[in-house]
Every structure is written in structure tokens, then in C-alpha cells.
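To start, the structure itself, in C-alpha cells.
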Amino acid sequence: MTTSTNGKFNRKPLIAGNWKMNMDHVQGITLLQKLAWTLADAEHDYGRVEVAVFPPFTDLRGVQTLTMADDLKVRYGAQDLSAHDSGAYTGEISGQFLSRLGCEYVLVGHSERRALHGESNDLLATKVAAAYRYSITPVLCVGEGLEIRQAGTHVEYTLEQLRGSLAGITKEQAETLVVAYEPVWAIGTGEVAGPEDAQELCAAIRNELSSLFGIDVASKVRVLYGGSVKAGNAAAILAQRDVDGVLVGGAALDAAEFANIVRFEHHLVTD
Ligand SMILES: O=C[C@H](O)COP(=O)(O)O
């Protein structure tokens with residue numbers, strides 16, 4: 001039997017904001033403070049809906065200091081990590097450093113890393129393993145480009161990314177995983193996948209995890225949708241049975257807009 005956390009979901013929704021290469025360390029603190037104040041004013045219940053932000057590396061120390069000083073309930077993570085623990089890897093950031101900075105999550109395999117930095121599924125599997133070595137929860141990103149979508153092979157393509165990027169992880173690790181389905185054609189374009197498209201892929205990912213690792217499909221594994229999510233479309237996407245949260249880019253840079261996404265339950269049409 002699963003525990004219902006909010007009446008509509010068996011898994012606690014996660015609303016995650018990826019700031020990408022925006023917000024220097026001063027701007028980042030201001031944005032986080034605004035977000036925390038907005039959610040406090042709205043009496044947001046973090047026990048029902050989890051909130052996490054993914055600032056640039058250079059913001060993380062400030063985010064940690066603010067979070068500890070003000071006892072914020074917003075979680076945070078990094079946008080990438082090295083597959084290595086330490087050594088001659090100029091420019092890379094170890095999971096150990098992220099753990100010391102209080103990161104609970106790390107994005108792995110965002111499409112911008114895959115496309116702009118040539119990150120392969122094989123490399124990403126080593127990054128997932130690195131995250132687990134330091135008890136950081138990976139948020140593994142998968143999703144197809146426009147050509148694959150138009151060819152109609154998006155489900156198989158996305159599941160192949162999933163299998164390749166998770167090679168070698170254990171069932172216990174898989175049970176704590178977060179996966180973000182982000183169709184590349186919907187990222188930063190204003191083109192949002194329809195709620196049914198999001199549901200189709202999130203369900204396929206959950207079923208694949210179930211057969212790969214023998215995990216109960218209704219387990220704690222959370223599958224998010226990402227791609228042009230805004231306050232105006234979030235509720236319909238999050239109402240889908242297998243969508244456990246959203247990974248937000250552009251709209252996460254505006255505290256009021258992001259807070260409205262976090263408060264999506266207030267826009268849900270009740271059954
Ligand atoms: O990580 C976030 C995704 O890339 C979505 O970005 P977007 O909301 O700006 O489309």
C-alpha cells in the first residue's frame with residue numbers, strides 16, 4: 001500500500017527550478033529570498049509539495065549560507081557534476097564538493113549538456129554513480145529532439161537514454177532516483193508538450209524502471225516533466241497520473257511565477 005501525501009498523488013510532487021547560466025551569486029541570493037518569502041506569505045506546505053532550485057556552481061555557497069541562516073525549506077542542487085572524485089580534471093566539480101555544500105540533488109544529462117558538451121549515456125552512467133557515491137540524488141534528464149518526435153520513435157529513443165544512463169546502478173539506488181522527461185523541442189521554445197504527451201512518456205519511464213529494477217511502479221521514484229512549463233500550464237500537466245513534478249527553466253527565474261507553479265494545487269480542478 002502506498003502512502004497518499006496530498007490526496008491526488010502517491011509520490012510527493014517535486015517542483016524544481018533550473019536557473020541554467022543565469023543569476024550571479026548576488027542575484028541568486030535575492031531570487032531565493034524572494035521565492036522563500038513569497039511561499040511563506042502563501043503559507044506553502046513543503047510537506048505536500050517539495051521545492052528545489054538548481055543555481056550555477058558559483059551561487060551554491062551563498063545558497064547554503066542563506067538556507068542555513070534562515071532555516072529555509074527550499075532544497076537545492078547543482079546542474080552537473082564530475083564523474084571523478086578528485087584529481088587533474090580542470091574545470092570539473094566533484095560530487096564530494098557538492099555534498100559539502102549541502103546539495104541534495106544534481107542534474108545529470110540535461111539536454112544542454114548532452115548536446116553542447118557531447119555527454120553520452122555511458123558518461124552519464126558514471127556521473128549517476130558519482131552522485132550516489134556522495135549520497136546526492138541524481139535528477140536524470142532524458143528526452144527526444146524534434147526529428148525523433150516527428151519520426152514517432154520518441155518512446156523507444158527516450159527509454160534507450162534511460163537504460164544507458166542508468167547502467168550499473170542498484171535497485172536500492174534506483175528507488176531514490178528522480179527522472180526528468182524533457183523533450184528537447186519543448187525546451188525554451190514556448191512549445192509545451194501536451195499533458196497527454198507528458199503522461200505517455202512519464203508512464204513509459206516508470207514502467208521501464210519497474211521492469212529494469214523490479215521496482216513497484218507506484219514506488220517513490222518520481223518522474224518529472226520539463227519544457228516551457230509556466231504557471232498557466234503547470235496544473236494541467238501535474239494533474240496527469242504519472243507526472244510527479246516539473247523541471248522549470250525560464251519561469252524559475254521569476255520568483256512570483258515559480259511560486260505560482262509550486263502552488264499548482266490551487267489551480268487543479270477537483271474530481
Ligand atoms: O531544465 C529545464 C528545462 O530545460 C526547461 O527549460 P524551459 O522551462 O525554459 O523550457
Side-chain angles (χ1 to χ4, degrees), residues 13-23 27-28 31-32 35 50-57 59-60 63 74-81 98 103-117 119 124 127-128 131 136-146 148-149 154 157-158 161-162 165 177-195 197-198 201-202 205 222-238 240 243-264 267:
L14 171 61
I15 309 300
N18 175 12
W19 296 356
K20 306 193 178 185
M21 199 175 75
N22 297 292
M23 302 289 153
Q27 295 169 318
L31 175 58
L32 179 56
L35 176 63
E50 190 179 347
V51 184
V53 294
F54 293 79
F57 287 128
D59 295 15
L60 288 172
V63 165
V74 176
R75 313 288 189 205
Y76 57 90
Q79 298 174 13
D80 184 32
L81 85 170
L98 300 178
C103 291
E104 291 186 41
Y105 294 104
V106 64
L107 301 182
V108 176
H110 189 280
S111 62
E112 287 148 19
R113 300 293 313 174
R114 290 178 186 264
L116 303 175
H117 300 272
E119 296 195 354
L124 297 174
K127 291 192 173 197
V128 168
I136 302 171
T137 300
V139 178
L140 175 69
C141 303
V142 293
E144 82 287 352
L146 187 57
I148 305 279
R149 165 66 60 159
H154 50 287
Y157 178 90
T158 300
Q161 283 187 326
L162 185 78
S165 307
L177 184 70
V178 178
V179 177
Y181 167 63
E182 298 206 303
V184 179
W185 49 271
I187 294 177
T189 59
E191 288 287 331
V192 63
D197 295 324
L201 265 293
C202 289
I205 288 167
R222 289 178 293 182
V223 186
L224 317 183
Y225 167 79
S228 297
V229 174
K230 308 271 182 279
N233 58 27
I237 293 167
L238 284 156
Q240 299 298 311
V243 180
D244 303 322
V246 285
L247 179 56
V248 182
L253 302 176
D254 180 316
E257 177 81 7
F258 189 62
N260 271 328
I261 297 173
V262 170
R263 288 167 44 71
F264 70 94
H267 309 290

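Start at 1 with the first residue, then count along the sequence. Note that ligands are numbered from 1 as they come in the structure, with each ligand's atoms numbered from 1 the same way.
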Within the 4.5 Å heavy-atom criterion, are P138 and Y105 side-chain neighbours or not? no

Which atoms of ligand 1 are found less than 4.0 Å from any heavy atom of N18? 1 (O), 2 (C)

Charged N to carboxylate O under 4.0 angstrom, K20 versus E112? yes

Passing option when S165 is tested against K127, E119, R114 for side chain to side chain contact (heavy atoms under 4.5 Å, CB included): R114

G188 heavy atoms within 4.0 Å reach ligand 1 at atoms 7 (P), 9 (O), 10 (O)

Which residue holds the protein heavy atom closest to atom 3 (C) of ligand 1, what is that atom called, and what is the gap in Å? E182 OE2, 2.8 Å

Residue pair Y181 / E144, side-chain donor-acceptor N/O under 3.5 Å: yes

Should A186 be listed as contacting ligand 1, given a heavy-atom distance under 4.0 Å as the test? yes

So, is G227 polar-close to ligand 1, with some N/O to N/O distance under 3.5 Å? no

Which ligand 1 atoms, with their elements, are less than 4.0 angstrom from a heavy-atom of L247? 1 (O), 2 (C)

Quick one: do E104 and R75 make a salt bridge, cutoff under 4.0 Å? yes

Examine ligand 1 and decide if any of its atoms is less than 4.0 Å from a heavy atom belonging to K20. yes

Keeping Y225 on the side-chain end and A193 on the backbone end, is there a donor-acceptor pair under 3.5 Å? yes

Which atoms from ligand 1 have a heavy atom of G250 less than 4.0 Å away? 7 (P), 8 (O), 9 (O)

Atom 8 (O) of ligand 1 - nearest protein heavy atom and its distance: G249 N, 2.9 Å

Nearest atoms (heavy-atom pairs only) where C103 meets A78: SG-N, 4.1 Å

Hey, does I187 come in under 3.5 Å of ligand 1, counting only N/O atoms on both sides? no

Within the 4.0 Å heavy-atom shell around S228, which atoms of ligand 1 are there? 7 (P), 8 (O), 10 (O)

Quick one: does ligand 1 sit under 4.0 Å from the side chain of S111, the backbone, both or neither, non-hydrogen atoms only? neither

Answer yes or no: does an N/O atom from H110 fall short of 3.5 Å to an N/O atom of ligand 1? yes

For T189, is at least one N or O under 3.5 Å away from an N or O on ligand 1? no

For V248 against V229, the heavy-atom pair lying closest together: CG1-O, 3.8 Å

Minimum side-chain heavy-atom gap V243-V223 below 4.5 Å: no

